[in-house]
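First the structure, in the form of structure tokens, and then the observations on it.
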Amino acid sequence: MGTSVQVKPLCGVYNENPLSYLVSIDGFNFLIDCGWNDHFDSSLLQPLSRVASTIDAVLLSHPDTLHLGALPYAMKQLGLSAPVYSTEPVYRMGLLTMYDQFLSRKQVSEFDLFTLDDIDSAFQRVTRLTYSQNHHLSGKGEGIVIAPHVAGHLLGGTIWKITKDGEDVIYAVDFNHRKERHLNGTVLGSFVRPAVLITDAYNALNNQPYRRQKDKEFGDILKKTLRAGGNVLLPVDTAGRILELVLMLESYWADENLNYPIYFLTYVASSTIDYVKSFLEWMSDSIAKSFEQTRENIFLLKNITLLVNKADLDNAPEGPKVVLASMASLEAGFSHDIFVDWGNDVKNLVLFTERGQFGTLARMLQADPPPKAVKVTVSERVPLVGEELIAYEEEQNRIKKEEALKASLIKEEELKASQGADNNTTDPMVIDTGNSQPLPEVAVAKNGGYRDVFIDGFVPPSTSVAPMFPCYENASEWDDFGEVINPDGYVIKEEVMDQTTNNMEYDEFIYHVKTFQTQWLPMKSGLGHGTRGLH
């Protein structure tokens with residue numbers, strides 16, 4: 001009997017929406033990728049909501065929003081509770097990506113789709129695997145083997161290979177054949193005749209120039225703008241293609257001996273680079289070989305300054321500069337704010353290094369020809385004042401009172417329930433006052449014998465679950481050295497000692513008398529001649 005494989009796209013087919021696939025292998029349901037867009041449009045997750053509770057395992061391929069952005073929300077709201085599998089970089093970089101997404105929106109709105117705790121809770125379910133590691137599933141997935149392989153697009157990016165009874169299912173999206181500065185190319189060509197291949201054609205019609213040509217054009221545009229006195233904004237993702245861009249800028253600045261400042265601005269910029277420094281074994285062979293020879297980490301940045309808030313950028317020295325800021329879509333984050341600040345100056349440049357998500361501000365600006373003007377919504381959180389503050393405080397007080405009342409009612413119901421349960425217990429120390437029993441201190445016949453019933457002094461109060469002995473608290477005085485005692489209470493008086501001595505002598509006399517009277521005497525009984533007893 002062959003292996004049954006069913007593939008059901010939940011999102012991201014025939015369009016540029018985030019990716020999510022349901023793959024069933026002999027009844028075991030895989031959710032491969034759990035993406036969302038930068039709009040966080042909940043309507044995109046309706047197909048996932050219908051099957052979330054049936055998912056047995058989740059596989060994540062890349063550490064960006066389009067591949068894992070919906071994971072915290074699905075865990076919190078949609079009933080997704082399956083174990084999650086990814087590589088270590090996808091886990092770490094994906095976690096930072098979601099932190100940056102949340103913080104970027106929380107600064108300007110009441111974002112409540114998920115919280116930082118929801119992100120942590122979701123990523124705690126992730127089991128991290130290394131490239132080419134065969135992981136055997138158990139239980140319902142007995143006989144299924146999963147293994148991540150190099151995709152070549154993002155750090156830790158994965159082509160998933162799922163094997164059952166010798167049949168391979170390959171999930172390969174967003175892969176890259178070319179070797180780059182920090183990544184090797186994909187290993188997709190090493191798979192031979194898989195039973196099912198799931199892939200995409202997102203960049204099928206794009207002609208990619210050679211790297212040297214692309215790098216030169218990119219550097220020349222930056223240099224021209226900076227020398228003209230303008231600033232350059234590069235909207236980037238949090239922890240994806242930004243890594244290749246960072247190395248490109250470092251190399252170009254060193255080769256051209258440029259002194260213009262470069263800033264990398266996200267809420268997690270420092271953490272991103274710190275983690276990347278420890279992931280050299282996940283990068284290209286050339287980086288690993290260079291580190292073995294020189295012991296110098298390629299991500300020890302010399303020309304790029306890491307920033308985590310916009311105030312630091314505002315306080316930077318005046319003059320032309322390059323800023324890499326999240327988000328790449330310009331829908332939120334520092335890139336959105338900087339675009340608003342710099343957009344009116346014709347000397348400044350906004351340079352996109354990737355295609356923007358569909359329906360975003362970045363995609364609008366990438367139109368050919370670009371629009372002459374765009375409408376941008378600016379949001380910010382400001383302190384409440386006046387009547388708005390009073391109304392807010394009243395609402396918060398009302399909510400607190402309702403929550404306190406609800407909690408007290410729940411506690412009261414739990415207390416009643418516990419009293420009802422304990423009253424029916426068979427514990428002999430618990431008295432059932434509801435049943436008619438014989439009067440106390442009456443001998444009651446039971447199973448041919450008698451059982452004394454004693455309840456005197458054990459009548460419990462109405463609020464008590466079981467009887468208890470009275471407890472008298474001994475209030476003592478204490479100082480810095482402990483409990484204060486009265487020394488007189490430990491002195492033995494002379495008359496007491498004399499009385500004790502006399503009692504001891506009398507006890508010794510009685511003992512000697514009894515010892516003296518103890519002897520062997522003939523028994524005057526009919527037990528037989530010579531029998532002796534102790535009197």
Side-chain angles (χ1 to χ4, degrees), residues 12 17-20 33-41 44-45 58-76 84-107 111 113-126 128 151 153-158 173-174 182-183 234-246 264-279 282 299 306-308 324-336 353-357 360 362:
N17 286 334
L19 297 174
S20 182
D33 282 337
C34 188
W36 216 350
N37 59 12
D38 278 8
H39 290 297
F40 289 101
D41 183 4
L44 295 175
L45 303 183
V58 181
L59 308 180
L60 302 178
S61 65
H62 292 86
D64 59 353
T65 310
L66 290 174
H67 295 84
L68 54 72
L71 186 65
Y73 181 83
M75 291 283 188
K76 177 184 179 181
V84 185
Y85 298 92
S86 76
T87 61
E88 181 72 24
V90 169
Y91 165 76
R92 293 293 180 185
M93 299 296 103
L95 185 65
L96 295 178
T97 296
M98 296 311 298
Y99 283 167
D100 199 31
Q101 287 280 10
F102 173 80
L103 294 173
S104 296
R105 283 158 175 77
K106 196 64 177 178
Q107 294 298 320
F111 185 78
L113 294 178
F114 52 83
T115 65
L116 292 177
D117 290 337
D118 297 330
I119 297 172
D120 290 337
S121 177
F123 278 82
Q124 285 176 357
R125 297 178 178 270
V126 176
R128 281 93 82 184
H153 178 57
L154 300 180
L155 182 62
T158 302
V173 298
D174 294 325
H182 79 297
L183 294 177
L234 287 87
V236 297
D237 53 14
T238 302
R241 296 298 299 173
I242 175 62
L243 303 180
E244 182 74 10
L245 194 57
V246 162
F264 177 30
L265 175 60
T266 72
Y267 285 102
V268 292
S270 300
S271 299
T272 300
I273 299 302
D274 287 342
Y275 277 126
V276 169
K277 291 176 183 177
S278 64
F279 288 148
W282 295 85
F299 280 94
L306 307 180
L307 303 178
V308 295
L324 301 90
S326 61
M327 303 293 173
S329 64
L330 290 178
E331 287 297 314
F334 294 124
S335 63
H336 178 275
T353 58
E354 60 181 275
R355 191 190 313 173
Q357 295 181 24
T360 62

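We number each residue from 1, following the sequence as shown. This structure is a prediction, so every number in the text was calculated from the model and none was measured.
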Using side-chain heavy atoms (C-beta onward) and a distance below 4.5 Å, is [X] in contact with [Y]?
X: Ser121; Y: Met75; value: no
X: Asp174; Y: Ser61; value: no
X: Thr360; Y: His39; value: yes

Of all the heavy-atom pairs spanning [X] and [Y], show the shortest one and how long it is.
X: Pro72; Y: Asp118; answer: CB-O, 4.0 Å
X: Thr158; Y: Ala151; answer: N-CB, 3.7 Å
X: Asp33; Y: Leu19; answer: CB-O, 3.6 Å
X: Leu154; Y: Pro63; answer: CD1-CD, 3.7 Å

Task: Result of checking Asp120, Thr238, Thr266 against Tyr99 for side-chain hydrogen bond (donor to acceptor under 3.5 Å, both in side chains) - done: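 The option that passes is Asp120.
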- [ ] Rounded to the nearest 0.5 Å, what's the gap from CZ on Phe334 to CG on Leu307? Could you check?
- [x]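 If we round to the nearest 0.5 Å, Phe334:CZ and Leu307:CG are 9.0 Å apart.
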Open item on the list: To the nearest 0.5 Å, what is the distance between CG on Asp274 and CZ on Phe299?
Closed with: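 Between Asp274 CG and Phe299 CZ, I get 12.0 Å after rounding to 0.5 Å.
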Task: Verdict with reasoning, Tyr73 to Phe40, per ring pair (Phe, Tyr, Trp, His ring centres under 6.0 Å) - done: CA-CA 10 Å; Tyr73 181 83; Phe40 289 101; 9.1 Å; no
TODO: Check whether the side chains of Asp100 and Thr97 place a donor and an acceptor atom closer than 3.5 Å, and report yes or no.
DONE: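 There is no such pair between these side chains.
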